Amino acid sequence: VQDFDVIEGELVTLNFTLTTVQMAGKFTKTDGTGVRGSLNVFNADYSKNVHIESNDIGDYVMGGFPAGTYTVQPMVGYNVTGLIAPDPSEVTLTTDSVLTKNFTLSAAAKSITGTGTRIGGVAVAGACVNANKMNGQGWSNANTDASGNYAMSLSGGSWNVQVNPCNSDADWIYNGTPIMIDFNMDGTVESKAANFNVTTASSSISGTITDQNGVLVTSGSINFRTSD
């Protein structure tokens, strides 16, 4: 993705370099039906780290990598629910051949459900709930609905669950600690709850980010933390 500014009356020239396909394949459900998925592909020192999305029927292609060994982390596609991706694996990519690698997304046996509310019981809609796997690579996310409810499908293991505003203009914060959820490492069906109580913000901080020359930084971010 290339970002650019358009100014009225000026011609913008964009150049693109096409790369050779090095790996291709398909995401499917266990019944063979194609489904949207994505990949994170990275080398040992993360000097090459690329995110790749399939199309709606699961087909993907990727290229532009130096020859070598990479870790491939498959993930469930955006807005796909009830499925989980297989564990990460290693692949060896070359510059003169195409590796075929397919991924099967299986039905999830584990799930987390919960509600986000303000103190007093008012529902928090549109909050981002994120889960990160503690004993292996994996993550999942969901947004709360108009009633503050959310649900996500996961694999077995220990998961660290946290809630944050999806938008910078949200009028609430979460002051609590992440919730740890433990599932058995097997195929038994389990469902656990993680509820969040958030606090309505009573103050705000605003400002600008500039570089050493005073030029505005358009993609910067700032995190604020209390000393306690």
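Bear in mind the structure is a predicted one, so any value in this text is a computation, not a measurement.
No donor-acceptor pair under 3.5 Å is formed between the side chain of Asp171 and the backbone N or O of Ala201. The closest donor-acceptor contact from the side chain of Asn195 to the backbone of Thr115 lies under 3.5 Å. Although no hydrogens or angles enter the test, the distance criterion places a donor-acceptor pair under 3.5 Å between the side chain of Thr144 and the main chain of Gly126. The backbone N or O of Thr188 lies less than 3.5 Å from a partner atom in the side chain of Asp186, making a donor-acceptor pair. The backbone N or O of Thr69 lies less than 3.5 Å from no partner atom in the side chain of Glu90, so there is not a single donor-acceptor pair. Remark: the backbone N or O of Gly64 is paired with a side-chain donor or acceptor of Gln22 at under 3.5 angstrom.
Distance check, rounded to the nearest 0.5 Å: NZ of Lys192 to CE of Met180 gives 11.5 Å. Remark: Trp172 CH2 to Thr117 OG1 distance equals 10.5 Å, nearest 0.5 Å. Rounding to the nearest 0.5 Å places CZ of Phe27 at 13.5 Å from CD1 of Ile57. Between the CE atom in Met152 and the CG atom in Asn130 there is a gap of 7.0 Å [rounded to 0.5 Å]. Rounding to the nearest 0.5 Å gives a distance of 10.5 Å between CG of Leu93 and CG of Asn43. We find the CG-OG1 distance between Leu99 and Thr92 to be 8.5 Å, quoted to the nearest 0.5 Å.
The hydrophobic cluster containing Val61 also includes Val21, Val98, under a criterion of side-chain heavy atoms closer than 4.5 Å among ILVMFWY residues, counted directly or through chains of members.
The only member of Thr28, Val35, Leu83, Asp31 that meets side chain to side chain contact (heavy atoms under 4.5 Å, CB included) when paired with Thr104 is Thr28. None of Thr200, Asn197, Thr199 except one satisfies the side chain to side chain donor-acceptor pair (under 3.5 Å) rule with Arg118; the exception is Thr200. Screening Ser155, Ser140, Ser158 against Lys133 for a side chain to side chain donor-acceptor pair (under 3.5 Å) leaves a single residue, Ser155.
Side-chain contact between Tyr150 and Ile112 is present, with heavy atoms from C-beta onward closer than 4.5 Å. The shortest side-chain heavy-atom distance between Val50 and Met62 does not fall under the 4.5 Å cut-off. Within the 4.5 Å cutoff, no side-chain heavy atoms of Val41 are placed close to those of Lys48. Contact annotation: the side chain of Asn40 never approaches that of Pro74 to less than 4.5 Å [non-hydrogen atoms, C-beta and beyond]. In this structure, Thr20 and Thr95 have side chains that are not in contact, with every pair of non-hydrogen atoms separated by 4.5 Å or more. Side-chain contact between Lys110 and Ile181 is absent, with no heavy-atom pair separated by less than 4.5 Å.
In this structure, Gly63 and Thr19 approach most closely via the heavy-atom pair C-OG1, 3.7 Å. Residue Ala127 comes nearest to Cys166 through the heavy atom pair C-SG, 3.5 Å, listed as atom of the first residue, atom of the second, then distance. The minimum heavy-atom distance between Ala108 and Ser153, with the atom names listed, is CB-CB, 3.4 Å. Here the closest non-hydrogen pair linking Glu53 and Ser38 is OE1-CB, 3.6 Å. What you find for Leu105 and Pro86 is that their closest heavy atoms are CD2-CD, 4.1 Å. Summarising the geometry of Gly156 relative to Phe183, their closest heavy-atom pair is CA-CB, 4.0 Å, with the distance given to 0.1 Å.
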Test side-chain hydrogen bond (donor to acceptor under 3.5 Å, both in side chains) applied to Asp59 and Ser54, step by step: CA-CA 5 Å; Asp59 298 314; Ser54 78; over 6 Å; no
Trace of the side-chain hydrogen bond (donor to acceptor under 3.5 Å, both in side chains) decision for Asp45 with Ser47: CA-CA 5 Å; Asp45 63 0; Ser47 60; 2.7 Å; yes
Full working for side-chain contact (heavy atoms from CB on, under 4.5 Å) between Phe103 and Met75: CA-CA 9 Å; Phe103 301 94; Met75 294 174 291; over 6 Å; no
Residue pair Ser191, Ser111: steps toward the side-chain hydrogen bond (donor to acceptor under 3.5 Å, both in side chains) verdict: CA-CA 5 Å; Ser191 181; Ser111 63; 3.1 Å; yes
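Taking the six-membered ring where the residue is Trp, Phe65 and Tyr70 present perpendicular rings, their angle passing 60° and hence far from 30°. Note: Tyr174 and Phe196 have perpendicular aromatic rings, judged against thresholds of 30 and 60 degrees for the angle between ring planes.
Every side-chain contact (heavy atoms from CB on, under 4.5 Å) that Ala151 has, sequence neighbours left out, goes to Thr113.
With a 6.0 Å radius and a threshold of 12 heavy atoms from other residues, nucleotides or ligands, Lys29 has its NZ atom at or below the threshold.
Grouping the Ile, Leu, Val, Met, Phe, Trp and Tyr side chains by contacts below 4.5 angstrom, directly or via other members, places Ile205 with Val217. Under a hydrophobic-cluster definition in which Ile, Leu, Val, Met, Phe, Trp and Tyr are linked whenever side-chain heavy atoms come within less than 4.5 Å, directly or via other members, Val163 and Val124 are assigned to the same cluster. Both Ile179 and Leu154 are assigned to one and the same hydrophobic cluster, defined by single-linkage of ILVMFWY side chains at heavy-atom distances under 4.5 Å. Neither Ile84 nor Val80 shares a network with the other; the hydrophobic side chains, linked directly or stepwise wherever heavy atoms of I, L, V, M, F, W or Y lie under 4.5 Å apart, form separate groups for each.
For Thr94 and Asp96, the side-chain atoms include at least one donor-acceptor pair closer than 3.5 Å.
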